[in-house]
Amino acid sequence: MKSRILIFALIVSVLTACAPSANSSTSQNGIQIEQARIVVPGSVTPMSGMNMNSNSTPMAGMNMGTPSLAGYLVIKNTGSADDQLLSASADFAGMVMLHKSVVDSNNVATMQEVQSIDIPVGQTVTLQPGGFHIMFMNLKTTPQVGSKITLTLVFQKAGTISVQADVTSE
Amino acid sequence: MNSRRPNFRVPLFILAALVVIAAGALVYERIKTPTYYGSVISPPKAMPGFTLQSANGPVSLDSFRGKYVLVYFGYTSCPDICPITLATLTEALAKLGTKEAEEFQVIFISVDYKRDTPQISDAFAKKFNSNFIGLSGTENQINLVTQEYGIYYKLNPPDPATGFYSVDHTALVQVLNPQGELILIWPFGMQPDQETSDLAALVSR
């Protein structure tokens, strides 16, 4: 009897250990996604320490103090056809857009919404600070640093892919 | 002629030459100008004082004399460039050492006078480091200070669907010495190690 329990426990623990780490890499329909993260600056929760002075009411719909957050990730096209990232979404944000930051030769930073991001066959596209990024706005809640958030991505060919994104402070 | 007497002359000469070379290298190390990763402004450029709004009332640049001031212009609704710049500054200062880091004051100035109140600007800056100061101002004050600091900015028209607008702005960190003179500029893309190196070079002067 004891040995059966032992064997059972062993099997369970081996299976658990072998379960794919949801964070490291997600591969689906020719698209591989890695290092998905959402940056919430600072280790202090944004809403604390805020002076809720009624004289400083911001524009309606803007979350005071944390109006937008950025998401970054690495996308690899391991399939046989060019693909495009069309959109992204997450429960904590009412609106999610794809953006590209550009800093020109005069050091002027601009940001533009893009309708899609090309992921050509065989290529790796990195969404990173200063370049393409996912922009989360109309925040319903602020993700906790150290937690994971389900990020849903929609690709033209690969379809809908959900990944677990780390919430980091930088 | 006396073959017993050892000849000290050659080794002595070599020794003397080595001492002179070593001394020369030491002197050179002391007097040479340090290399900076950022762009050096030489001669230092006296920057005009400015008055802006802080979370605790009006503030003028003069009040920071005696410290190096690291000035960055941006806006708090910026998800990408501004957070990474302030995060890099935070990391650079952390690598420097507590005592040396005290000589530097980071000031974040929001050019987004429509959305960013002094409280919002300060809260944003303090997310990165409780010693950072965030300022904002009226449209006139922002126009004046950006002009004085050679900073371009533009509040873009809002997106009709979301109401959100982005702000174009010069993304540089300007380093002022304790006398309020501009001495160094860090363009966007500086790494924390590079900034730490520049900061260390400044305090060792």
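Letters go in sequence order (proteins before strands), and every chain restarts at 1.
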query = Given the options A:His133, A:Glu170, A:Met95, A:Glu113, which has more heavy-atom pairs under 4.5 Å with chain B than any of the others?
reply =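 Max contact count across the listed options: A:His133.
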ask   = Looking at A:Val102, A:Val108, A:Asp104, which has the largest count of heavy-atom pairs under 4.5 Å with chain B?
value = A:Val108
key: B:Ile81 and A:Val103: CA distance, side-chain angles, deciding distance, side chain to side chain contact (heavy atoms under 4.5 Å, CB included) verdict   = CA-CA 9 Å; B:Ile81 303 250; A:Val103 181; 3.5 Å; yes
Counting neighbours of [atom1] on [X] that are heavy atoms of other residues, nucleotides or ligands and sit closer than 6.0 Å, is the number greater than 12?
X: B:Gln147; atom1: CD; answer: no
X: B:Tyr37; atom1: OH; answer: no
X: A:Asn29; atom1: CG; answer: yes
X: A:Lys100; atom1: NZ; answer: no
X: A:Gln112; atom1: CD; answer: no
X: B:Lys67; atom1: NZ; answer: yes

message = How long is the straight-line distance from CG of B:Asp80 back to CD of A:Gln128, given to the nearest 0.5 Å?
response =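 Separation between the atoms: 9.5 Å.
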key: OG1-CG distance between A:Thr110 and B:Asn156, expressed to the nearest 0.5 angstrom   =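 So the OG1 of A:Thr110 and the CG of B:Asn156 are separated by 8.5 Å.
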Side chain / backbone / both / neither for [X] at chain A, heavy atoms under 4.5 Å:
X: B:Tyr152; result: side chain
X: B:Asp159; result: side chain
X: B:Tyr75; result: side chain
X: B:Pro83; result: side chain
X: B:Cys78; result: backbone

Where does [X] contact chain B at under 4.5 Å (heavy atoms): side chain, backbone, both or neither?
X: A:Met137; value: side chain
X: A:Asn107; value: both
X: A:Tyr72; value: side chain

task = Give the minimum heavy-atom separation between A:Ala70 and B:Pro79, together with the two atoms involved.
result =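 Minimum heavy-atom separation between A:Ala70 and B:Pro79: CB-O, 3.3 Å.
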task = Search all heavy atoms of A:Met111 against all heavy atoms of B:Asp168 and return the closest pair with its distance.
result =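 Taking A:Met111 first and B:Asp168 second, the nearest heavy atoms are N-OD1, 4.4 Å.
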message = Could you check whether any side-chain heavy atom of A:Met135 comes within less than 4.5 Å of a side-chain heavy atom of B:Phe164, counting everything from C-beta outward?
response = yes
